[in-house]
Amino acid sequence: MNYALITGASKGMGKSMALILASRNYNLLLTARSEKDLQELKHTISDLYGVKAEYLVADLSVPGAAGQIKQWYTAGAYNISILINNAGYGLWGKFEELNIGEQLNMLYVNNTALIELTYLLLPDLKKHTSSFILNVASTAAYQAVPTLALYAASKAFVLSFTRALRYELKGTGISVSCLSPGPVDTGFSERAGMAALSHLTEKFNMLPGKVAETAIDGMFKGKAEIIPGLLNRITAAANRILPKSFIENTAGRLYRQK
């Protein structure tokens, strides 16, 4: 009996991806920080789709959380064929003005925890003739973004790591994909402290269900990079062609603080 393990699964895109996989008859292992939200999602999945859903409350900003997840699913003898590294967040502001501890905490969740969990799960994923890893980055991975400097850099890391790992795992049966959405209506702006730019982000927001559907379809098709939305794909392509200084100046004006 195969399971999909999803981090950051209690809300937004993680929740939407869990529901889509449940509708396709996958059993779920869900992790996030909120037990109340995880409980509700577990019951929803069981009631709607009749598949199994188990959860573990885990804070991936705490060192050792990835090992805790490994111990949990090993003890339960869960057979994992899909890993979705969805947990992550951003902080808005100038690098020198943001708290350095909070910035390092963000990097731990966005990068270190993702690396640890992927490393720990690889032996289990290799047991299958076909398995999948989906890492969640952002369209910010394709450019430097002033006032989101470390967030954009952390997502560029996720994209680069995903592509390199994908190459290394050729022939193993593990397909590795990177999801790079633009703005999604998930509460990201509030968590990042970007309430002052809500008028901007809301204009371009995509619904998490639509993004999740594109993500899951792309993962199963074995795509290297999945960018939901035509405008986001055009923007990512333009970032590869246009001068970096032009892109940075545009992003700097777009996301500047008053």
Side-chain angles (χ1 to χ4, degrees), residues 4-18 29-38 41 55-73 80 82-95 97-122 133-142 144-145 147-162 164-165 176-194 201 208 211-212 215:
L5 192 157
I6 306 176
T7 66
S10 62
K11 295 179 179 178
M13 210 157 52
K15 179 180 179 179
S16 295
M17 287 191 282
L29 298 179
L30 312 168
T31 73
R33 295 184 301 168
S34 170
E35 183 165 14
K36 180 177 179 292
D37 291 334
L38 288 170
L41 180 56
Y55 70 83
L56 176 71
V57 178
D59 185 348
L60 287 174
S61 70
V62 177
Q68 180 189 4
I69 293 171
K70 167 81 171 180
Q71 291 175 352
W72 166 60
Y73 80 74
I80 298 174
I82 298 174
L83 167 63
I84 298 180
N85 286 306
N86 173 67
Y89 67 98
L91 293 171
W92 180 51
K94 292 182 179 179
F95 169 73
E97 295 175 358
L98 291 171
N99 180 278
I100 188 61
E102 292 178 359
Q103 293 188 81
L104 292 175
N105 184 83
M106 177 189 69
L107 291 182
Y108 196 95
V109 175
N110 291 3
N111 298 143
T112 304
L114 179 150
I115 294 166
E116 282 188 286
L117 197 55
T118 301
Y119 184 85
L120 291 172
L121 261 73
L122 278 177
I133 297 173
L134 178 64
N135 293 328
V136 178
S138 163
T139 49
Y142 296 95
V145 183
T147 68
L148 285 170
L150 278 185
Y151 173 75
S154 75
K155 294 305 184 178
F157 175 94
V158 171
L159 176 59
S160 179
F161 169 68
T162 301
L165 185 64
V176 188
S177 302
C178 187
L179 170 66
S180 295
V184 185
D185 188 13
T186 60
F188 170 87
S189 297
E190 290 77 8
R191 176 68 178 85
M194 296 172 64
T201 55
V211 174

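Atoms considered below: every heavy atom in the structure, side chains included; atoms not considered: hydrogens, waters and symmetry mates.
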Going by the rule side chain to side chain contact (heavy atoms under 4.5 Å, CB included), which residues pair with [X] if we only count those two or more places apart in sequence or in a different chain?
X      : result
Gln71  : none
Thr139 : Ile227, Asn232
Ser16  : Pro208, Ala212

Residue pair [X] / [Y]: nearest heavy atoms and the distance that separates them:
X      : Y      : answer
Ala32  : Ala9   : CB-N, 3.9 Å
Ala141 : Ala156 : O-CB, 3.5 Å
Asn111 : Ser154 : ND2-O, 3.0 Å
Leu30  : Ala18  : CD2-CB, 3.9 Å

Decide side-chain contact (heavy atoms from CB on, under 4.5 Å) for Glu35 and Tyr55; before the verdict, give the C-alpha distance in whole Å, the side-chain angles of both, and the deciding distance to 0.1 Å. CA-CA 8 Å; Glu35 183 165 14; Tyr55 70 83; 3.1 Å; yes
May I ask you to test the [X]-[Y] pair for a side-chain heavy-atom distance under 4.5 Å?
X      : Y      : answer
Ile133 : Leu122 : yes
Val158 : Leu114 : yes
Pro181 : Met13  : yes
Thr31  : Trp72  : yes
Leu60  : Arg33  : no
Leu179 : Asn135 : no

Reported [atom1]-to-[atom2] distance for the pair [X] and [Y], which is rounded to 0.5 angstrom:
X      : Y      : atom1 : atom2 : answer
Asn105 : Asn99  : CG    : CG    : 9.5 Å
Leu29  : Leu5   : CG    : CG    : 5.0 Å
Leu41  : Lys36  : CG    : NZ    : 12.0 Å
Ile84  : Leu117 : CD1   : CG    : 12.0 Å
Thr162 : Asn85  : OG1   : CG    : 8.5 Å
Met106 : Thr112 : CE    : OG1   : 11.0 Å

What verdict does the side-chain contact (heavy atoms from CB on, under 4.5 Å) test give for Leu121 and Tyr73, after you've listed the backbone C-alpha separation in whole Å, the side-chain angles of each residue and the deciding distance to 0.1 Å? CA-CA 10 Å; Leu121 261 73; Tyr73 80 74; 3.4 Å; yes
I would like to know whether Thr118 and Leu165 meet side-chain contact (heavy atoms from CB on, under 4.5 Å); could you show each step before the answer? CA-CA 10 Å; Thr118 301; Leu165 185 64; 3.7 Å; yes
Between [X] and [Y] (side chain of the first, backbone of the second, donor and acceptor by atom type, cut-off under 3.5 Å), is there such a pair?
X      : Y      : value
Ser34  : Asp37  : yes
Lys70  : Leu120 : yes
Asn86  : Gly8   : yes
Lys155 : Asn110 : no
Gln103 : Phe95  : yes
Thr7   : Ala87  : yes

Going through the checks in order, is the side chain to side chain donor-acceptor pair (under 3.5 Å) test met by Tyr108 and Glu116? CA-CA 10 Å; Tyr108 196 95; Glu116 282 188 286; 3.2 Å; yes
Under the side-chain contact (heavy atoms from CB on, under 4.5 Å) criterion, do Tyr151 and Ser138 qualify, and how do the steps go? CA-CA 9 Å; Tyr151 173 75; Ser138 163; 3.5 Å; yes
